Amino acid sequence: MFELMFCSLLTILPDYLYRRYVQGKRFGKEITFFSVWYELRWGITGCLMLTVSLITMIFYFHPSTSSATLYFRTVPILPEGSGRVAEVKVGFSAPVKKGDVLFTLDSSKQQAAVETAKRKVAEVDAAMQTAQADVVKAEAQIGEAKANYQQAKDELDVKTELQRRNPGIVPQRDIEKLQVLVDQRQSGVDAATAAKQSASLQVSTLLPAQKASAEAALDQAQVDLDKTIIHAGVDGRVEQFLVRPGDVVNQLMRPAGVLIPEEAGRKVLQAGFGQIEAQVMKTGMVAEATCVSRPWVIIPMVITTVQDYIAAGQFRSGEQLLEAQNAVRPGTILVYLEPLYKGGLEGVTPGSSCVVNAYTSNHEEISAKDTPTSRKIALHVVDGVGLVHAMLLRIQALLLPIQTLVLSGH
């Protein structure tokens with residue numbers, strides 16, 4: 001309607017003024033209700049053509065959308081396992097800091113596992129002390145076996161020397177018995193040495209390995225116990241936290257609530273533009289936005305990212321072939337916008353509905369020396385009609401709160 005009124009001032013009004021003051025025709029006389037088309041045909045035709053051209057130019061080179069909002073990420077509050085709630089630390093809605101305890105689960109089973117693991121570590125420590133005592137005992141046995149061996153060997157050496165000097169003075173049977181005794185005492189030394197090595201291996205290798213396994217089991221049990229205490233992963237606010245002591249929570253059936261990060265939806269605005277504007281939507285374009293939660297305020301924005309894919313074309317592999325007719329609604333070009341000035345989105349509630357206008361700028365091409373004059377004029381016109389769209393956004397900013405109240409039934 002605004003474009004039609006604006007174009008009529010440049011076409012129908014001059015045509016009427018020419019008919020009235022140059023040709024002397026008057027309403028009710030030469031210009032009647034039935035002769036308006038014939039008398040003002042040039043102005044009406046020009047008005048329609050100019051209106052269509054202006055609307056096409058505005059909405060193509062300076063696209064607008066009402067599908068814009070501040071999307072924000074939510075974090076479901078879930079334990080890593082499952083269990084029954086023992087204690088709740090926060091209310092239905094409350095601010096939290098990273099690491100704050102939200103609620104705890106029944107941990108009797110995990111505490112029993114921790115206590116069992118601690119007892120196993122203590123058992124291994126006791127076994128290590130016993131093994132160290134066995135090493136000392138084996139060293140004493142080695143000393144005793146060596147002394148017995150040396151005594152038998154000395155007696156064998158003496159009788160062997162006497163037999164060498166005076167053959168027949170010592171019975172051969174006694175020498176053989178002594179040799180067997182020496183061999184027996186040597187075996188005792190070897191057995192005592194082996195017993196010491198076995199005890200030493202237990203102290204140095206086996207028992208430390210068993211202790212490490214017991215400590216690992218203790219750590220695992222402690223981790224399972226710590227998982228019964230659910231902490232906030234980020235700074236933010238807990239919402240819809242309805243879980244109460246006695247409830248059962250797990251990852252499959254029900255979360256405990258929702259955690260909204262502190263800066264979620266405070267920095268970036270997302271908007272979906274029509275596919276026809278895909279050729280003009282560029283990173284760095286200046287835009288303006290107005291939101292319902294902050295009425296009558298125009299927020300200068302800049303486009304930082306233009307998504308290269310349209311969500312309507314995505315699919316997952318399955319057992320059925322794709323049917324193109326199922327994509328009834330055409331998708332939009334998703335763009336990300338950030339405030340042009342610091343604090344531009346202050347006061348805008350995350351999730352609020354917004355209207356966004358983007359403006360094409362051809363300043364660089366106009367400033368180029370090799371650009372033809374006719375094209376420069378056309379580009380000036382394209383950039384100039386952006387002012388019309390900016391005026392429309394101001395009008396829409398005034399009417400948007402009223403429209404929202406009417407639609408909500410107030």
Side-chain angles (χ1 to χ4, degrees), residues 75-90 96-151 183-235 243 245-257 259:
V75 180
I77 301 175
L78 289 170
E80 293 189 32
S82 61
R84 189 174 298 277
V85 177
E87 187 177 3
V88 178
K89 300 292 186 178
V90 296
V96 295
K97 294 294 183 181
K98 182 178 180 180
D100 289 352
V101 178
L102 302 180
F103 66 97
T104 60
L105 300 177
D106 180 29
S107 59
S108 56
K109 180 180 179 181
Q110 289 78 8
Q111 289 177 348
V114 170
E115 191 64 26
T116 301
K118 288 181 178 180
R119 294 291 179 263
K120 183 63 177 178
V121 173
E123 180 182 346
V124 174
D125 289 337
M128 186 171 292
Q129 293 179 358
T130 302
Q132 291 174 350
D134 291 340
V135 171
V136 176
K137 179 181 178 180
E139 289 177 350
Q141 290 177 346
I142 289 175
E144 180 182 1
K146 286 183 177 180
N148 293 333
Y149 168 76
Q150 189 65 40
Q151 181 181 4
D183 294 340
Q184 182 181 359
R185 298 291 171 80
Q186 180 63 47
S187 298
V189 172
D190 295 340
T193 303
K196 179 185 177 181
Q197 290 179 349
S198 177
S200 299
L201 286 175
Q202 286 186 348
V203 173
S204 62
T205 305
L206 178 61
L207 292 177
Q210 291 180 352
K211 184 176 181 180
S213 298
E215 290 176 344
L218 176 60
D219 293 339
Q220 179 64 43
Q222 186 64 47
V223 169
D224 293 338
L225 178 61
D226 293 340
K227 288 180 180 179
T228 62
I229 304 175
I230 288 76
H231 301 268
V234 295
D235 295 344
V243 68
D247 291 344
V248 176
V249 293
N250 58 48
Q251 295 181 344
L252 299 178
M253 292 178 58
R254 52 174 298 191
L259 174 60

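All values derive from a computational prediction rather than experimental measurement.
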### Message
A quick test of your reading: do over 12 heavy atoms of other residues, nucleotides or ligands sit less than 6.0 Å from CD of Glu80?
### Response
no

### Query
Roughly how far apart are Glu87 CD and Ile229 CD1, rounded to 0.5 Å?
10.0 Å

### Query
Where is the tightest heavy-atom contact between Pro79 and Val249, given as atom of each residue plus distance?
CG-CG2, 3.8 Å

### Message
Quick check for you: to the nearest 0.5 Å, what is the distance between Ser108 atom OG and Leu225 atom CG?
### Response
10.5 Å

### Task
Measure across Leu218 and Lys118 and return the closest heavy-atom pair with its distance rounded to 0.1 Å.
CD1-CG, 3.6 Å

### Query
Does the side chain of Asp125 pick up a donor-acceptor pair with the side chain of Gln129 at under 3.5 Å?
no

### Task
For Leu102 and Lys89, run side chain to side chain contact (heavy atoms under 4.5 Å, CB included): C-alpha distance rounded to whole Å, both residues' side-chain angles, the deciding distance at 0.1 Å, then the answer.
CA-CA 5 Å; Leu102 302 180; Lys89 300 292 186 178; 5.8 Å; no

### Query
What's the shortest heavy-atom distance between Val96 and Ala232, and which atoms?
CG2-CB, 4.0 Å

### Query
Hey, what do you get for CZ (Arg84) to CG (Asp106), rounding to the nearest 0.5 Å?
8.5 Å

### Message
Could you work out, with side chain to side chain donor-acceptor pair (under 3.5 Å) as the rule, every residue matching Glu123, not counting sequence neighbours?
### Response
none

### Query
Is there side-chain contact between Thr104 and Thr228, with heavy atoms separated by less than 4.5 Å?
no

### Message
So, taking the atom named NZ in Lys120 and the one named CD in Glu215, what distance separates them when rounded to the nearest 0.5 Å?
### Response
12.5 Å

### Task
Indicate the atoms forming the closest heavy-atom contact of Val88 with Phe103, along with that distance.
CA-CB, 4.0 Å

### Task
May I ask you to test the Leu105-Val85 pair for a side-chain heavy-atom distance under 4.5 Å?
yes

### Message
Rounded to the nearest 0.5 Å, what separates atom CG in Asp100 from atom NZ in Lys98?
### Response
12.0 Å

